[in-house]
There are 2 protein chains.
Amino acid sequence: MTTQTRKAREVAEREELLIDLAIEIIEQHGFAQLTMDKLTARSEYSKGTVYNHFSSKEDLWCALCARGLRIQRSMFGKLAQFQGNSREAILALSFGYELFTLCYPTLTMVSLRVMSPAVFEKASPARIKVLSETEDEMVQMLKGMIEVAMDKGELSRRYQDNLYQITFAIWAMSFGSVTIMRNSTPAPCLERIDHDSAVLTNASIVLDGLQWQPYSWEFDYHASWQRIAKEMFADELAQLSQRS
Amino acid sequence: MTTQTRKAREVAEREELLIDLAIEIIEQHGFAQLTMDKLTARSEYSKGTVYNHFSSKEDLWCALCARGLRIQRSMFGKLAQFQGNSREAILALSFGYELFTLCYPTLTMVSLRVMSPAVFEKASPARIKVLSETEDEMVQMLKGMIEVAMDKGELSRRYQDNLYQITFAIWAMSFGSVTIMRNSTPAPCLERIDHDSAVLTNASIVLDGLQWQPYSWEFDYHASWQRIAKEMFADELAQLSQRS
DNA sequence: ACCTGAACACCGTTCAAGT
DNA sequence: ACCTGAACACCGTTCAAGT
């Protein structure tokens with residue numbers, strides 16, 4: 001029994017190590033260079049053992065994606081403690097998602113690539129389960145905030161019976177804004193927008209559309225955005241500005 | 001001179017043929033099965049000739065993506081002629097983007113996969129140029145509609161000096177909504193929203209947030225959505241419902 | 001029970017030889 | 001000038017043999 005749990009722990013640790021190595025390979029040599037061969041060579045294990053962890057290359061991608069979601073979830077957990085009005089609480093989550101993509105560009109690119117039925121089909125069912133559960137936890141966190149605000153009457157009751165609709169709108173806008181900004185072809189349109197505030201602006205448009213009080217013209221949400229950064233992620237942001 | 005243009009035309013036709021074959025391969029055998037080997041085998045040309053068209057596999061992907069953007073552009077061109085108020089005109093474009101993803105799921109998946117610096121770096125500069133120019137044409141079409149409505153005072157003047165910001169917000173919401181709905185891991189949240197109207201609802205929230213008149217509670221935009229479908233894409237939609 | 005690495009079929013890319 | 005296809009280095013996956 002104790003040997004079994006020790007063994008299981010060792011296996012889990014080895015998996016984390018392999019994921020670390022995979023990220024290293026991508027960051028040093030680019031996405032296309034992540035191969036099972038190279039991952040094996042960089043580790044101290046054999047191909048068979050690597051395949052014991054990841055049933056296929058797609059499964060390895062999903063494992064990287066799961067790592068990313070786990071990091072996102074822990075950032076969200078931290079941000080949920082932010083003190084502010086209900087709109088600021090939502091903004092904190094949008095901020096968190098953007099910060100994640102800035103701090104972990106590799107993992108962000110992986111998630112984008114993984115998002116396709118073709119990949120999910122080749123990944124192990126256990127892996128898929130972890131992915132959707134982690135994602136769902138974050139969705140529930142967002143939905144919880146919306147629920148509280150709805151009960152207090154701080155936004156339009158039009159979507160009252162369909163809180164998932166609101167959750168989806170906020171989520172889609174964050175995801176869409178960040179993804180286009182970071183990954184799209186260099187379009188002239190994108191050069192004309194302020195990248196530092198685009199996510200905040202777009203989130204504000206959505207929240208105004210939901211009649212979420214106080215409106216963007218009644219409150220200084222730029223100040224909130226900076227406060228979130230300073231109070232929640234001083235360390236991460238210092239590291240980030242040092243890097244570039 | 002005439003021989004040269006004839007030759008150029010033949011080369012262009014051959015390229016379209018190769019792209020057709022590539023789409024066939026993906027649709028019949030899945031994404032991972034699209035290889036230069038198989039594309040060559042299915043065509044009546046040799047590997048060298050295929051590489052004469054597509055400088056690398058990434059370049060082939062970008063060519064597929066360019067085909068998709070060309071189709072989108074022609075749909076947008078048709079939709080720009082839709083008769084209605086300025087908000088309905090914007091909805092028509094959102095409708096067009098969703099319809100494209102429904103009619104061409106393969107090309108949609110390709111565009112998602114192509115969206116990454118790693119791919120752009122390996123594609124030929126000429127291809128990248130076509131991609132961003134086609135995309136920009138569509139952005140300009142959207143921006144033109146916003147401009148007209150702004151001049152008529154049909155939406156908030158808050159973003160007057162930054163029309164690209166509004167363009168980006170509408171674009172990001174459409175892209176984000178459709179991408180998450182069609183490609184994300186099967187999240188419980190997504191099962192609870194009405195897939196048929198989610199894009200319309202999310203676009204409406206954004207337009208309400210921009211104070212674009214008439215508001216969603218003052219006008220029957222569900223009716224508009226159906227009118228767009230019926231008047232613009234009766235054929236495509238009939239084909240689509242037949243397929244499933 | 002878990003690990004190893006040789007073996008296999010296939011893939012992306014190149015380029016000397018051909019027309 | 002354009003096309004061909006053999007050749008090469010590498011990749012994903014499997015599985016008989018080993019510990």
Side-chain angles (χ1 to χ4, degrees), chain A residues 1-15 17-19 21-22 25-26 28-64 110 113-114 118-124 127, chain B residues 1-15 17-19 21-22 25-26 28-64 110 113-114 118-124 127:
Chain A
M1 179 56 183
T2 0
T3 9
Q4 238 183 45
T5 58
R6 194 209 63 207
K7 190 68 199 158
R9 197 186 62 232
E10 279 172 9
V11 168
E13 276 167 10
R14 193 169 58 195
E15 184 147 321
L17 180 76
L18 287 170
I19 292 171
L21 294 177
I25 293 173
I26 298 176
Q28 286 170 17
H29 303 110
F31 217 111
Q33 297 301 312
L34 174 58
T35 66
M36 297 305 253
D37 261 2
K38 292 209 173 86
L39 179 57
T40 301
R42 196 175 273 238
S43 79
E44 45 182 352
Y45 307 100
S46 70
K47 277 193 164 191
T49 301
V50 170
Y51 267 87
N52 238 321
H53 284 279
F54 311 110
S55 63
S56 67
K57 211 193 170 190
E58 280 73 23
D59 198 49
L60 170 61
W61 280 350
C62 287
L64 290 171
V110 171
R113 247 189 126 108
V114 161
V119 172
F120 295 138
E121 278 164 24
K122 291 188 110 194
S124 69
R127 189 84 60 193
Chain B
M1 180 56 185
T2 1
T3 10
Q4 238 183 44
T5 57
R6 195 209 62 207
K7 191 66 199 160
R9 197 187 60 233
E10 280 173 8
V11 168
E13 276 167 10
R14 192 169 59 196
E15 183 147 322
L17 181 77
L18 288 170
I19 293 171
L21 295 177
I25 292 173
I26 298 176
Q28 286 170 17
H29 304 109
F31 218 111
Q33 297 302 311
L34 174 59
T35 66
M36 297 306 252
D37 261 1
K38 291 208 174 87
L39 180 57
T40 301
R42 194 176 275 239
S43 79
E44 45 182 354
Y45 307 98
S46 69
K47 278 194 163 189
T49 302
V50 170
Y51 267 87
N52 238 320
H53 284 279
F54 311 111
S55 63
S56 68
K57 211 193 170 188
E58 279 73 21
D59 198 50
L60 169 62
W61 280 351
C62 287
L64 290 172
V110 171
R113 247 189 126 107
V114 161
V119 172
F120 295 138
E121 278 164 23
K122 290 187 111 195
S124 70
R127 189 84 61 195

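- The two atoms that bring B:H53 and B:D59 nearest to each other are O-OD2, 3.8 Å, heavy atoms only.
- Atom CG in A:D59 sits about 14 Å away from atom P in D:dG12, given to the nearest Å.
- At a threshold of 4.0 angstrom between heavy atoms, the contacts of A:T35 are confined to the sugar-phosphate backbone, with no base atom among them.
- Nearest nucleotide to the B:R14 side chain, out of D:dC3, C:dT13, C:dC11: D:dC3.
- Taking atom CE on B:M36 and atom P on D:dC11, their separation rounds to 18 Å, with Å as the unit.
- The nearest whole Å value for the distance from the CZ atom in A:R42 to the P atom in D:dC11 is 13 Å.
- Comparing B:G48 and B:K57 against DNA chain C, the residue whose closest nucleotide sits nearer the 5' end is B:K57.
- The two residues B:S46 and B:T40 have their closest heavy-atom pair at C-CG2, 3.6 Å.
- Taking every side-chain heavy atom of B:E58 into account, C:dT13 is the closest of D:dT14, C:dC3, C:dT13.
- Considering only side-chain atoms of A:N52, the nucleotide from C:dC3, D:dT14, C:dC11 that sits closest is C:dC3.
- The backbone N or O of B:K122 lies less than 3.5 Å from a partner atom in the side chain of B:S56, making a donor-acceptor pair.
- When atom types are taken as modelled, the side chain of B:K57 and the backbone of B:L34 share a donor-acceptor pair closer than 3.5 angstrom.
- Rounded to a whole Å, the NZ atom of B:K47 is 19 Å from the C1' atom of D:dC2.
- When rounded to the nearest whole Å, the span between CD of A:E44 and P of C:dT4 equals 9 Å.
- Across all strands shown, D:dC2 is found opposite C:dG18 as a Watson-Crick or G-U wobble partner, with both distances under 3.5 Å.
- Atom CD of B:E10 and atom P of D:dA1 are 18 Å apart (whole Å).
- For C:dC8, the paired base is D:dG12 (Watson-Crick or G-U wobble, both distances below 3.5 Å).
- Listed nucleotides C:dT4, D:dG12, C:dG12 differ in distance to B:D37; the shortest reach to its side chain belongs to C:dG12.
- The shortest heavy-atom contact between B:F54 and B:M36 is O-CE, 4.1 Å.
- Here the side chain of B:T49 is nearest to one of D:dT14, D:dC3, C:dC3, namely D:dC3.
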